[in-house]
Amino acid sequence: MTSSKVLLTTSIVILLTGCSDQSIQSNWARRSPSIDGSLEEWSSASLVIFEDLQVSLGVGNDSSFVYIAGRVANASLQQMVESSGVVLWLDPDGSHRKDLEIHFPASRAARTNLDRGEFWDSLTEEQKAKAQEKVEEMRRGVLVIDRRSVDSHIYTRGNIEGFEAVIVDSQGLVSFEARIPLQIERYFPKFNRMDPGKMVAVGVGLGASRGDRSRNIDFDSAQPSGEFGFPGRGGPPGNLARGGSPEVAPKEIWLEVILAQPH
Amino acid sequence: MHSLTSIQRVFLSRRILTMIVGLALGAVIQGCASGMGYQRPEEQESEELNSLLSPSFEKLWNRATIVLGSPSSTGVGSPFFLGGRRGEGPFPLIVHATLMDSMLIEGGIREFGRLACLDMSSLDAYRQSYRKHRRLDQNVFVYVEIQTSLADEYLEAGHWIFFVEDQEWNQIEPARIVQHPVQRQIPRPGSPYEVESPAAFSTAKRIIDLYFPLKRFSPVHHSLASFGTLKFVVLDINNSRVRAEGMWDLAALH
């Protein structure tokens with residue numbers, strides 16, 4: 001095969017996977033931004049704009065957390081984000097390994113087969129209501145998958161570890177904001193701690209959640225079972241779903257981030 | 001350095017081509033083999049990790065579940081009609097059969113008890129209620145999910161004969177069958193499966209509970225684990241050649 005063919009093949013592969021790369025300096029966060037998706041606290045921070053994707057991304061950190069924010073203006077990508085959520089890959093060693101996946105909201109990445117084994121049916125109505133509340137919290141939470149330890153964990157709002165993430169659809173833009181502890185090794189021991197001054201790699205997947213095909217099919221029945229097999233629930237949550245089929249492939253953006261040090 | 005003659009170049013390029021074709025074929029064959037016989041480890045891992053339920057419960061569930069009638073079957077059965085006048089074609093169901101052994105039941109009780117924030121006494125009551133309702137002191141419970149994109153008729157429990165077969169060829173049919181209502185697939189708005197006509201995308205599933213009488217199992221076995229393996233068979237009541245089967249490795253469950 002000639003070198004031009006190799007180059008062509010490589011280019012096609014890169015185009016098909018939809019990867020974009022950029023090196024950036026993280027912004028030092030003097031005050032911890034609230035994770036609400038408004039991105040007002042990011043106005044003075046330097047955001048990287050990916051014009052071709054109509055996406056902007058920013059990274060900040062303090063001595064405890066790394067903060068990742070993004071805005072999506074492309075209508076097709078917005079639809080995909082609303083449908084599949086956002087996935088972040090964090091590689092504390094600066095490579096592009098996808099061993100630590102952070103999905104939000106968790107409901108877009110995680111199945112909930114609560115009718116399995118009929119354990120749900122044996123709960124009392126009061127117990128079901130409590131469990132339903134808990135599951136709703138989990139669905140809104142952050143799913144972290146540690147592929148090195150073959151483990152996963154869901155962090156609900158207000159968790160003491162500090163994992164938070166949110167997606168907001170407002171004024172024609174879809175924004176997302178996430179907070180991840182720098183001392184990641186405390187929760188996922190097979191990963192190295194991220195320290196200010198160190199270079200880490202952050203991957204952002206838009207519409208790239210794993211296994212979303214099966215999640216996007218709901219079973220409806222006389223028996224209480226709806227979205228994600230959640231008993232008694234059905235339909236898309238909130239106002240996120242817009243309808244129509246995505247027109248673009250999932251996008252993956254990698255940032256090589258030098259974590260800021262205190263001034 | 002020797003320069004290559006044109007014949008050597010041809011041989012070399014052919015050898016490289018052969019290697020590439022060989023590698024490609026190998027990859028295809030490997031892919032097919034793993035897809036036909038077993039669920040690939042990364043798929044199973046993904047199932048365990050991509051769940052709102054805990055990975056430990058998912059792991060227990062996956063270990064106790066066999067899939068019949070699917071090309072990615074973990075069962076050893078044929079996904080195809082075994083000849084017959086009705087012609088050849090795919091087995092019309094995908095069957096997930098879960099052997100609800102004591103470890104899985106306890107895992108489920110704890111998992112759902114955690115979701116419902118049950119204290120110790122409530123958890124105990126929940127455990128008793130679950131076991132009593134299913135008469136687990138007298139029955140072996142198999143939780144079956146059947147799915148088809150063909151006629152609903154195939155989802156009728158009465159259309160099928162279900163039985164288990166132990167290593168001594170004892171065939172045991174369920175003493176009680178409970179079938180739950182049919183559930184239809186609804187592609188979520190915005191999903192890649194959303195179509196203009198929902199009828200064009202009609203897959204349906206049904207959950208069926210099978211209760212096998214414990215006393216029918218060989219008395220030499222004191223626990224399910226001592227069976228070694230247990231075969232699960234699903235066959236068409238009108239045509240015994242339309243069948244699928246899978247095998248639980250009971251020792252591996254414990």
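A, B, ... follow the sequence lines: proteins, then strands. Residue 1 opens every chain. Just so we're clear, the structure is a prediction, and the values are computed from it rather than from any experiment.
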Of all heavy-atom pairs linking Pro55(B) and Ser152(A), the shortest is CG-OG, 3.3 Å

Under the ring pair (Phe, Tyr, Trp, His ring centres under 6.0 Å) rule, what pairs show up with a residue in residues 138-158 of chain A, not counting sequence neighbours? His153(A)-Tyr155(A), Tyr155(A)-Phe163(A)

SB check Glu58(B) Arg116(A) (cutoff 4.0 Å): yes

Answer yes or no: does atom CZ of Arg186(A) have more than 12 heavy-atom neighbours from other residues, nucleotides or ligands under 6.0 Å? no

Exceeds 12 heavy-atom contacts within 6.0 angstrom, atom NZ of Lys130(A): no

May I ask you to decide if the ring planes of Phe119(A) and Tyr130(B) are parallel, tilted or perpendicular, using 30° and 60° as cut-offs? parallel

Backbone of Thr124(A) reached by a side-chain donor or acceptor of Tyr126(B) within 3.5 Å: no

Need one label for Leu143(A): side chain, backbone, both or neither, based on atoms under 4.5 Å from any heavy atom in chain B. side chain

Nearest-0.5 Å distance that lies between atom CG in Leu52(B) and atom CZ in Arg139(A): 7.0 Å

At a 4.5 Å cut-off on heavy atoms, which part of Glu126(A) comes close to chain B: side chain, backbone, both, or neither? neither

Can you name the nearest heavy-atom pair linking Ala110(A) to Ser51(B), along with the distance? CB-C, 3.6 Å

Identify the heavy atoms of Asp115(A) and Gln183(B) that sit nearest to each other, and give their distance. OD2-NE2, 4.0 Å

Does Arg148(A) CZ have over 12 foreign heavy atoms under 6.0 Å away? yes

In short, Lys134(A) meets Arg114(B) closest at the heavy-atom pair NZ-O, 3.4 Å

Minimum side-chain heavy-atom gap Phe112(B)-Gln127(A) below 4.5 Å: no

Salt bridge (charged side-chain N to carboxylate O under 4.0 Å, His left out) partners of Arg140(A), counting only residues at least two apart: none

If I measure from the heavy atoms of chain A, does Leu118(B) come under 4.5 Å with its side chain, its backbone, both, or neither? side chain

Once you round to the nearest 0.5 Å, how far does NZ of Lys59(B) lie from CG of Asp151(A)? 9.5 Å

What pair of heavy atoms forms the shortest contact from Ser122(A) to Arg134(B), and how long is it? OG-NH1, 3.2 Å

Student check: side-chain heavy atoms of Gln132(A) and Leu115(B) closer than 4.5 Å: no

Could you check whether atom CZ of Arg110(B) has more than 12 heavy atoms from other residues, nucleotides or ligands sitting under 6.0 Å from it? no

